Asker: 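Okay, here's the structure, questions in a sec.
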Amino acid sequence: MSPPRVLMVAEKPSIAYSIASVLSRGQMSTRKGSTDVHEFDGWFLSGIPVRYKVTSVIGHVFSLDFPPAYQDWAATDPLALFDAPVVQSEANPKAHIRRHLSNEAAGCNYLVLWLDCDREGENICFEVIECTGFAQKRNRTQVYRAKFSSVSEKDILSSMDNLVTPNRNEALAVDARQEIDLKVGVAFTRFQTAYFQGKYGNLDARVISYGPCQTPTLGFCVQRYFQLTTFKPEKFWSVRPYVMQLGYEVQLEWERQRLFDMDVAMMFQKLVQGDSSLKVTEISERKESKARPVGLNTVNLLKVASSALGFGPQMAMQLAERLYIQGFISYPRTESTAYPSTFDFRSILVALSRSPTWGKFAENLLVDGFNMPRPGKDLGDHPPITPVKSASEELIGKDAWRLYQYVCEHFLGSISSDCQYVRTKVTFSVGGEQFHCTGLQLTAKGFTSVMPWLAVAEKALPTFEPGNQLKISKVELHEGTTSAPDYLTESELITLMEKNGIGTDASIPVHINNICERNYVKVQPGRKLVPTDLGISLVRGYQCIDVDLCLPDIRSFIEQQITLVAKGQVDHSRVTRHVLQQFKQKFSYFTKHINNMDELFEARFSQLGNSGRPLSKCGKCIRYMKYISTRPPRLYCNTCEEVYHLPQNGTIKLYKELSCPLDGFELVVFSMPGPEGKSFPLCPYCYNSPPFEGVSVLPSKGGAAGMPCSSCPHPTCRHSLISQGVCACPECDGTLMLDPLSSPNWKLFCNSCSCLVMLPQGAHRILTTDDRCPDCDSMIMEVDFNKKTTPLEDGATLHRGCILCDQLLHSLVVVKHSRKTFMRRGGSGRGRGRGRRSFGGAGGKMVDPKMSFRGF
DNA sequence: GCAAGGTC
């Protein structure tokens with residue numbers, strides 16, 4: 001009778017091989033299949049003699065998708081995808097892994113799962129259980145899970161002695177993630193693509209994708225782009241004294257470093273210049289060191305490959321993969337930076353000692369002894385990436401050689417000694433100010449001799465003694481300018497993604513590749529990521545509609561929700577439903593407000609951004625915005641990617657290059673046509689985003705709130721309701737404002753309705769003043785009549801008075817567009833509404849009937 | 001044509 005059979009399944013062929021090698025002590029027979037199958041005899045559990053078969057999958061067996069009925073883009077409403085069924089299909093049909101597992105499981109009595117010990121691995125466990133049929137036919141005691149923290153003999157053997165059961169909750173968390181990612185990503189992607197496709201001639205995108213990882217990744221690039229385009233350089237000054245010591249001229253650093261006020265900096269310069277004695281107050285010497293690197297993991301390899309070697313992550317991984325298959329480096333996909341305790345450094349050093357490049361260095365480490373590496377983190381996956389055997393450029397090619405070279409240097413560096421140096425700091429006092437200079441002297445190069453780009457620069461310093469009185473040779477006032485940050489480098493992006501939990505070591509290169517291939521960013525020399533028009537418009541669009549969509553938090557939210565499933569705290573389908581419900585709402589909101597994103601596309605892609613006329617300066621970036629006069633009229637800031645709506649049915653001009661005291665935007669003036677058309681100034685920013693709450697706004701199309709300066713309660717700005725408001729409107733709750741541009745047809749207009757009041761015609765000048773009428777609290781007006789037509793006696797021209805109470809002015813004003821004859825609506829409480837609450841502020845006075853135009 | 005996660 002043949003012995004019972006045990007099927008063991010690993011996540012990838014190389015692990016299956018390692019496990020079989022350890023358990024069979026190298027005595028196994030291997031046959032080909034979809035993946036190799038290693039067979040040998042051994043003992044299982046409490047000493048059952050068995051026949052072992054060890055094979056593997058190749059990552060996930062299945063992947064999730066929508067059923068065929070939902071595959072037609074045109075016929076499927078993307079919103080319906082949130083509630084659509086999902087189906088599993090074989091991830092790699094050509095590999096026939098499912099058939100392979102089913103065949104190999106036939107006749108097996110036990111299943112041992114050797115998948116990677118993370119959530120994804122746990123999920124693959126259940127894929128394997130399904131394929132092998134162990135779920136249905138056999139009872140649970142026949143399925144075991146091996147938990148191992150590294151693929152070492154010790155760990156493999158000990159996990160065989162401590163077999164557990166697979167964790168269904170962790171697997172279900174992955175199921176939840178898959179369904180959420182699929183539905184959210186596909187729904188948004190199909191909707192966006194359909195909406196923008198063919199809409200703009202020069203928008204050439206096959207697909208405009210959205211994803212909870214790729215979109216925040218793009219978000220990082222665009223965020224940096226905004227930082228640098230809206231950067232405002234600032235000048236700064238620092239005092240830099242120079243002293244002569246033992247024939248050296250030394251420049252001293254200021255303890256205050258720099259000041260942003262030139263006058264103050266100059267004052268300090270004079271103080272220092274005026275004090276003839278500079279004194280050494282302190283000399284400190286400190287031994288410092290720069291630590292050798294921890295073991296190399298994938299993400300750090302990718303960063304160096306990008307920043308120092310100029311290889312993109314995709315390319316770097318391809319090279320690393322090849323070096324691994326050829327046996328030159330160890331497995332290149334690992335998160336761990338800690339070496340296992342049993343790690344064999346010596347044999348690698350022996351291998352490298354044959355190298356013409358590092359032979360000498362490796363040999364020295366062998367002879368003089370090497371340092372154990374710094375601790376690092378152990379994620380239980382694979383050891384850090386190290387060389388395995390010696391290579392040469394001729395053997396592996398130029399690019400692979402450069403990557404291999406780095407792996408070797410990093411490995412040698414990680415077991416070298418730290419770099420050590422002495423830092424000397426000399427502190428000086430002069431004119432009440434503190435200055436210093438520092439010197440650096442290397443005592444041991446350590447690892448920097450094999451990683452010279454990390455070397456510490458030496459800096460010589462002449463000897464000083466405490467209490468030395470020195471002469472200042474000159475005192476410079478250095479002027480500098482703060483500089484904008486540069487575009488995000490790929491290496492910085494990887495750091496950000498890792499920090500924010502966007503993607504994994506294996507998927508980070510994929511996401512970066514996606515945003516490049518989809519034409520959202522371009523890689524420029526120095527591997528800088530420069531967002532394209534499409535990338536910028538997309539991110540700006542998300543920011544305008546629902547900023548969450550492009551922030552990394554969207555990923556952490558999903559992760560945090562599925563972690564509840566993994567911990568068994570919440571049911572998997574409830575979490576999936578709940579999260580999808582939330583995304584469905586976000587999706588609905590997004591589709592309803594897609595016009596906000598479209599405005600940006602319109603500006604970018606139909607070249608409105610080029611055809612518009614430069615008009616007012618943006619207060620954020622101090623660059624001219626473009627005035628787009630076609631409906632709806634708006635200003636567009638090319639730099640900030642912002643659209644500012646303007647009132648319709650009139651003309652827009654710059655208002656004397658005056659700017660808003662609140663936000664620095666240049667004011668524009670809006671004029672309605674005709675001699676009786678009113679005109680009023682407005683700040684493009686405030687008009688769209690009123691800075692004060694509860695301000696009455698004009699009705700406006702295109703979503704702008706519509707607050708012109710005539711509704712603004714700013715207490716001191718000379719264009720505000722407070723400065724230009726004259727008295728209550730006879731027609732409505734509004735306030736009559738002086739139209740500052742109405743000369744010579746001077747008029748007051750209501751900031752709320754169409755009421756107009758014509759002031760003395762032909763006056764040379766009419767101004768509002770700071771004074772108020774003691775009787776009715778209206779603003780006292782100052783009228784400078786024309787010399788020829790002045791109604792004043794003796795040809796005087798200047799007259800001050802209240803237009804309601806002053807006999808002369810009263811007789812010269814005419815109310816137009818007044819549907820009601822001077823009757824105030826409502827009772828005594830009226831007129832204290834939002835817009836006028838700040839007006840006058842003189843309490844009960846405003847209920848005086850004279851406040852209206854009654855009696856005209 | 002679409003997501004993100006495995007591995008090759």
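Chain letters run A, B, ... following the sequence lines, proteins first and then strands; every chain starts at 1. Side chains included, hydrogens not; waters and symmetry mates left out as well; all remaining heavy atoms used. None of the values given here were measured: they were computed from a predicted structure.
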Asker: Between A:Thr504 and B:dG6, is there a side-chain N or O to OP1/OP2 distance below 4.0 Å?
Answerer: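 Indeed, a polar side-chain atom of A:Thr504 lies that close.
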Asker: Write down the distance between CG (A:Asp65) and P (B:dA4), rounded to a whole number of angstrom.
Answerer: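 After rounding, the gap between these two atoms is 14 Å.
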Asker: Please give, in whole Å, the distance from B:dG5 C1' to A:Asn513 CG?
Answerer: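 Value for this atom pair: 16 Å.
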Asker: In this structure, how many angstroms lie between the C1' atom of B:dA4 and the NE2 atom of A:His60, rounded?
Answerer: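 Atom NE2 in A:His60 sits about 9 Å away from atom C1' in B:dA4.
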Asker: Is there a side-chain contact between A:Leu163 and A:Arg145 in this structure, where contact means two heavy atoms from C-beta onward sitting under 4.5 Å apart?
Answerer: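 They are not in side-chain contact.
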Asker: What nucleotide among B:dC2, B:dC8, B:dG6 has an atom nearest to a side-chain atom of A:Ile58?
Answerer: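 Of the options given, the side chain of A:Ile58 lies nearest B:dC8.
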Asker: Starting at the 5' end of DNA chain B and moving along, which residue's nearest nucleotide shows up first, A:Tyr324 or A:Asp181?
Answerer: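 Looking at the nearest nucleotide for each, A:Asp181 comes out on the 5' side.
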Asker: With a 6.0 Å cut-off on the ring centroids, do A:Tyr210 and A:Tyr542 count as close?
Answerer: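 Judged by ring-centre distance (under 6.0 Å), A:Tyr210 and A:Tyr542 do meet the cut-off.
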Asker: Could you tell me how far apart A:Ile508 (CD1) and B:dG5 (P) are, to the nearest whole angstrom?
Answerer: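 That distance rounds to 9 Å.
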Asker: Atom CD of A:Glu127 to atom C1' of B:dG5: distance rounded to whole Å?
Answerer: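 My rounded result for the distance is 10 Å.
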Asker: Mind checking whether A:Phe82 and A:Phe587 have parallel, tilted or perpendicular rings, split at 30° and 60°?
Answerer: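 Ring orientation of A:Phe82 relative to A:Phe587: tilted.
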Asker: Between A:His38 and A:Tyr17, how do the two ring planes meet: parallel, tilted or perpendicular, split at 30° and 60°?
Answerer: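 Perpendicular: the ring planes of A:His38 and A:Tyr17 meet at over 60°.
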Asker: Is the phosphate of B:dG5, meaning OP1 or OP2, less than 4.0 Å from a side-chain N or O of A:His511?
Answerer: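 So the side chain of A:His511 is within the cut-off, an N or O lying under 4.0 Å from OP1 or OP2 of B:dG5.
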Asker: Select base, sugar-phosphate, or nothing to describe what A:Asp116 touches, counting heavy atoms under 4.0 Å on all strands.
Answerer: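 If one applies the 4.0 Å heavy-atom cut-off, A:Asp116 turns out to touch the sugar-phosphate alone, with no base involved.
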Asker: Does B:dG5 have OP1 or OP2 under 4.0 Å away from a side-chain N or O of A:Arg555?
Answerer: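 Checking B:dG5 against A:Arg555, a side-chain N or O does come within under 4.0 Å of OP1 or OP2.
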Asker: Counting only distance, no hydrogens or angles, is the base of B:dC2 paired donor-acceptor with the side chain of A:Gln71 under 3.5 Å?
Answerer: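 Indeed there is one.
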Asker: Counting distance alone, no hydrogens or angles: does the base of B:dG1 have a donor or acceptor under 3.5 Å from a partner atom on the side chain of A:Gln197?
Answerer: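 Such a pair is found, so the answer is yes.
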Asker: State whether A:Gln178 places a side-chain N or O below 4.0 Å from either non-bridging phosphate oxygen (OP1 or OP2) of B:dA3.
Answerer: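 For A:Gln178, the contact criterion (side-chain N or O under 4.0 Å from OP1 or OP2 of B:dA3) is not met.
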Asker: Would you verify whether the NZ or CZ of A:Arg333 falls within 45 degrees of the ring axis of A:Tyr324 while also being under 6.0 Å from that six-membered ring's centre?
Answerer: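 No, cation not above the ring by the 6.0 Å, 45° rule.
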Asker: With heavy atoms under 4.0 Å as the rule, sort A:Ile124 into base, sugar-phosphate or nothing.
Answerer: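 The residue A:Ile124 makes no contact with any strand.
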Asker: Once you apply a heavy-atom cut-off of 4.0 Å, does A:Tyr331 come out as touching a base, just sugar-phosphate, or nothing?
Answerer: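 Sugar-phosphate contact only - A:Tyr331 comes under 4.0 Å of backbone atoms but never of a base.
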Asker: Measure CZ/A:Phe66 against P/B:dG1 and give the value in whole Å, please.
Answerer: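 Going from CZ in A:Phe66 over to P in B:dG1 covers 16 Å.
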Asker: With stacking defined as ring centroids separated by under 5.5 Å and planes differing by under 30°, is A:Tyr210 stacked against B:dA3?
Answerer: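 No, aromatic ring not over the base.
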Asker: Side-chain N or O of A:Arg518 less than 4.0 angstrom from OP1 or OP2 on B:dC2?
Answerer: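 So the side-chain polar atoms of A:Arg518 do come within 4.0 Å of the phosphate oxygens OP1 or OP2 of B:dC2, strictly under.
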Asker: Picking from B:dG5, B:dA3, B:dC8, which would you name as closest to the side chain of A:Glu120?
Answerer: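 Nearest nucleotide to the side chain: B:dG5.
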Asker: With the side chain of A:Arg177 defined as its heavy atoms from C-beta on, choose the nearest nucleotide among B:dG5, B:dG6, B:dC2.
Answerer: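 When the side chain of A:Arg177 is considered, B:dG5 is the closest of B:dG5, B:dG6, B:dC2.
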Asker: Report which part of the nucleic acid A:Arg119 touches: base, sugar-phosphate, or nothing (heavy-atom distance under 4.0 Å, all strands).
Answerer: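 Answer is nothing: A:Arg119 stays at 4.0 Å or more from every strand.
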Asker: With respect to the phosphate group of B:dG5, does any side-chain polar atom (N or O) of A:Ser507 fall under 4.0 Å of OP1 or OP2?
Answerer: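 Answer is yes, contact under 4.0 Å.
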Asker: Quick one: label A:Gly121 by what it contacts on the DNA or RNA (base, sugar-phosphate, nothing), any heavy atom closer than 4.0 Å.
Answerer: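 Nothing, no heavy atom under 4.0 Å.
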Asker: Answer yes or no: is there a side-chain heavy-atom contact under 4.5 Å between A:Val9 and A:Val112?
Answerer: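 No; the side chains remain at least 4.5 Å from each other.
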Asker: For A:Glu11 and B:dC8, what is the distance between atoms CD and P respectively, to the nearest whole Å?
Answerer: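 Going from A:Glu11 (CD) to B:dC8 (P), I get 9 Å.
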Asker: Please determine, for the side chain of A:Val207, which listed nucleotide (B:dT7, B:dA3, B:dC2) has the closest atom?
Answerer: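 The nucleotide sitting nearest to the side chain is B:dC2.
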Asker: Less than 4.5 Å apart, any side-chain heavy atom of A:Asp399 and any of A:Leu403?
Answerer: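 SC-SC contact between A:Asp399 and A:Leu403 ruled out.
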Asker: Using heavy atoms to find the nearest nucleotide of DNA chain B for A:Pro13 and A:Trp73 separately, return the residue whose nucleotide is more 5′.
Answerer: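 Nearer the 5' end of the strand: A:Trp73.
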Asker: Can you check the A:Asn514 CG to B:dC2 P distance for me, whole Å?
Answerer: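 Roughly 9 Å, once rounded to whole Å.
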Asker: Using a 4.0 Å heavy-atom cut-off across all strands, classify A:Asp505 as base, sugar-phosphate, or nothing.
Answerer: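 The answer is nothing, as A:Asp505 stays clear of every strand by at least 4.0 Å.
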